[in-house]
Amino acid sequence: MIRDEIIALTAQALAAAQAVGDLPQFATPEITTEHPARPEHGDFSANLPLRIQGLARMKAIAVAEALQRHVPPHPAVDRVIVAPPGFLNFYLAPGWAAAQTDVIVGEGDRFAALDIGAGKRVQIEYVSANPTGPIHVGNGRGAAIGSALANVMRTAGYEVEQEYYVNDAGTQVAIFGRTLYARYEQLFGREVAIPENGYPGEYVVDVARAVKDRDGDRYLRAPGEEPDPDLGRVGLALMLDGIRSDLEHVGVHYDRWYSERSLMEDGGPYAEVMALLARQGQVARREGAVWFTSTDLGESKDNVLIRSDGQPTYYAMDIAYHYDKFIRRRFDRVIDIWGADHQGHVSRVKAAVTAVGGDADALDVLLYQLVTLRRGDVIVPLSKRAGEIVTLRDVVDEVGVDATRFFFLLAGANQTMDFDLELAKKQSDENPVYYVQYAHARIAGVLKRAIEEGHSAEGADVSLLTHEAEQTLLRKLLLLPEVVEKVVLELAPHHLTHYAQELASAFHAFYTQCRVIQADEPALTKARLRLLAATRIVLARTLALMGISAPDAMYSEARERA
RNA sequence: GCCCUCGUAGCUCAGGGGAUAGAGUACCGGCCUCCGAAGCCGGUUGCGCAGGUUCGAAUCCUGCCGGGGGCACCA
């Protein structure tokens, strides 16, 4: 990408200046550039002179001037200017920027594809919500982040596998089974209460009804008897179908649904990893339980692996799961995306990964802050155990898939986020996603009209793209590779939404100022059609990375009403 | 009490060592004989507080204040 070429030019200038003695010799620090906030400061700015003024024992301005003399010529660079207090500012050549439209159109869907990943296998596990309840709003945030990150990392050259860890074992599942059985019994007229710590949600009744409609009373036992464990499994499978369908509905697809229960199977990771830890002397039996002696690894405390009732803890299962990720399946990188309420779990899992022979540095745990859900001024509890449950499906039905995903990607994962359902509903027509999609629809509209009127970009002379609005738009197009890189390096897909808005804004400004189709300006028309084609590709790419559609026409409820 | 995280415009959020801190929304005022006005242009408002490091701090460090999360033989 062009930014790397600017960096290379700066490095070459430094080496050349040192070679002829304009600058003294010293170890070269890492060279970076940034995009100046003000356009008059150029397209790229290097602060190298400021950073090495001490090493060079010269004033930053003098260093900058020395570097400036040695920057090799480059077709992309129009000029290099020294600016106080010691910046080296690069200005792109307008003709070169315009010519990039040909590159973009030529690369098409491959534009902004990078090779940071170098084919490394990365596993991204996200959502992984308990199948004891429907997918709710908080899970939706994890879904949007994980899915977008997977898209971007694939574009950046990683081989990505997306996975959902299904918690189909353990205490909560057992409680769900008992709740379901109580609901099931109720459907047959028995006056039983759901368990005290059970799941009060109506969806459990729906599941019970679905089972009854399909299988009748085959899971019914004599009053007072323990529930049939098969009922729990059947119920869980139905819940999972719902979860899968809710996620598919918002465009989230997994390569694999990994069953927690399967960890326990014969020859499975659980037995193997427990034996490994025992062999390494990292377990201890105390107070009837089996502990992982993680304090030896720098953890603040030991943790229970097997409870005194013989049941493995969630932590033990998670160790087995990560053993499977790192040792058995040998992923080069593993990214877990969790709600911030799992924050305390991070260092424990990393310690365990190290203990079982994995590389803890290859594990990134991306925590997203919980979503505060509101209806106006009223806080809606997200907990599945509380009365009102607002599902992801509810939100999507109200504001649409595209707006939901865009909204979740608007804030950085570390930022707590407000999701006001009333506002989201009210603003559905003004959501920023429509601003971005509208840009795409406008382009599609013009291109369609151009074809109808017999125009094409064939043989376009893009050097005619000299208007300020055209040049601004061109520069935005060239930014996508940098955005992709930033998202990957920071594991921060929210940069996509902000870029998308900037790009759309640059396009709308261009559209207003520069008429594309002009019968009496055939050459300019061709050039602008080429610019439109390139813009459309970049915009569609950006939307696709976010998992948002790029419509050729906007659905127009507002216009139909008008 | 200890650990993590966040305090940026009225509101929702970017920016996370650079040059005059941005966007959306809200509010005010302009712009359709012309490719879609779900658009464009202009105006108003801000880095929680106090020290420190640096040529330069919204950004890094320390303390304080405030919000959220965590510190189970829960997941």
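In what follows, every chain begins at residue 1, and chains take the letters A, B, ... in the order their sequences are listed.
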Subject >> Base-contact (B) and sugar-phosphate-only (S) positions in nucleotides 65-74 of chain B, heavy-atom cut-off under 4.0 Å, - elsewhere >> reply: ----BSS-BS
Original post:
What pairs with A/Tyr499 under ring-ring contact (aromatic ring centres under 6.0 Å, His included), at least two apart in sequence or on another chain?
Top reply: none
Original post:
What nucleic acid atoms does A/Ser45 come within less than 4.0 Å of, heavy atoms only: base, sugar-phosphate, or nothing?
Top reply: base
Original post:
Between B/rA19, B/rG36, B/rC6, which nucleotide gets closest to the side-chain atoms of A/His41?
Top reply: B/rA19
**OP:** Give every residue pair that meets the ring-ring contact (aromatic ring centres under 6.0 Å, His included) criterion with at least one member in residues 293-319 of chain A, sequence neighbours excluded.
**Re:** A/Tyr314-A/His345, A/Tyr315-A/His345
Original post:
Is the shortest side-chain N/O distance from A/Tyr435 to OP1 or OP2 of B/rC40 below 4.0 Å?
Top reply: yes
Subject >> Touch class at under 4.0 angstrom, heavy-atom based, for A/Ala83 against every strand present >> reply: base
Original post:
Residues two or more places apart in sequence or in another chain: which of them pass side-chain contact (heavy atoms from CB on, under 4.5 Å) with A/Pro195?
Top reply: A/Arg178, A/Thr179, A/Ala182, A/Asn197
Original post:
Picking from A/Arg261, A/Gln172, A/Glu260, what satisfies side chain to side chain donor-acceptor pair (under 3.5 Å) with A/Asn167?
Top reply: A/Glu260
Original post:
Who pairs with A/Phe292 by ring-ring contact (aromatic ring centres under 6.0 Å, His included), at least two apart in sequence or on another chain?
Top reply: none
Subject >> Sequence neighbours excluded - salt bridge (charged side-chain N to carboxylate O under 4.0 Å, His left out) pairs with any residue from residues 503-528 of chain A >> reply: A/Glu470-A/Arg528
**OP:** Scan residues 493-504 of chain A against RNA chain B and write down, sorted by residue number, each residue with any heavy atom closer than 4.0 Å; if none is found, say none.
**Re:** A/His494, A/His495, A/His498
**OP:** Select base, sugar-phosphate, or nothing to describe what A/Tyr511 touches, counting heavy atoms under 4.0 Å on all strands.
**Re:** base
Subject >> Below 4.0 Å: OP1/OP2 of B/rA75 and any side-chain N or O of A/Asn167 >> reply: no
**OP:** Pick base, sugar-phosphate or nothing for A/Met317, based on heavy-atom distances below 4.0 Å to the nucleic acid.
**Re:** nothing
**OP:** Pick the P atom in B/rC31 and in B/rG48, then give their distance to the nearest Å.
**Re:** 40 Å
**OP:** Could I get the full list of ring-ring contact (aromatic ring centres under 6.0 Å, His included) partners for A/Phe90, not counting sequence neighbours?
**Re:** none
**OP:** Determine the stems involving RNA chain B; a stem requires 3 or more consecutive pairs of the Watson-Crick or G-U wobble kind, each with both distances below 3.5 Å, and the answer is none if no such run exists.
**Re:** B:1-7 with B:65-71, B:10-13 with B:22-25, B:27-31 with B:39-43, B:48-52 with B:60-64
**OP:** With sequence neighbours excluded, give me every salt bridge (charged side-chain N to carboxylate O under 4.0 Å, His left out) pair touching residues 491-503 of chain A.
**Re:** A/Lys476-A/Glu502
**OP:** Do nucleotides 53-58 of chain B as a string where each nucleotide becomes B, S or -: B if the base has a protein heavy atom under 4.0 Å, S if just the sugar-phosphate does, - if no protein is that close.
**Re:** --B---
**OP:** Could you check which of B/rA19, B/rU20, B/rU12 has an atom nearest any side-chain atom of A/Arg38?
**Re:** B/rU20
**OP:** Looking at every strand, decide which applies to A/Arg449 at a 4.0 Å heavy-atom threshold: base, sugar-phosphate, or nothing.
**Re:** sugar-phosphate
Subject >> Residues which pass ring-ring contact (aromatic ring centres under 6.0 Å, His included) with A/Tyr511, listed by chain and number, not counting sequence neighbours >> reply: A/Phe507
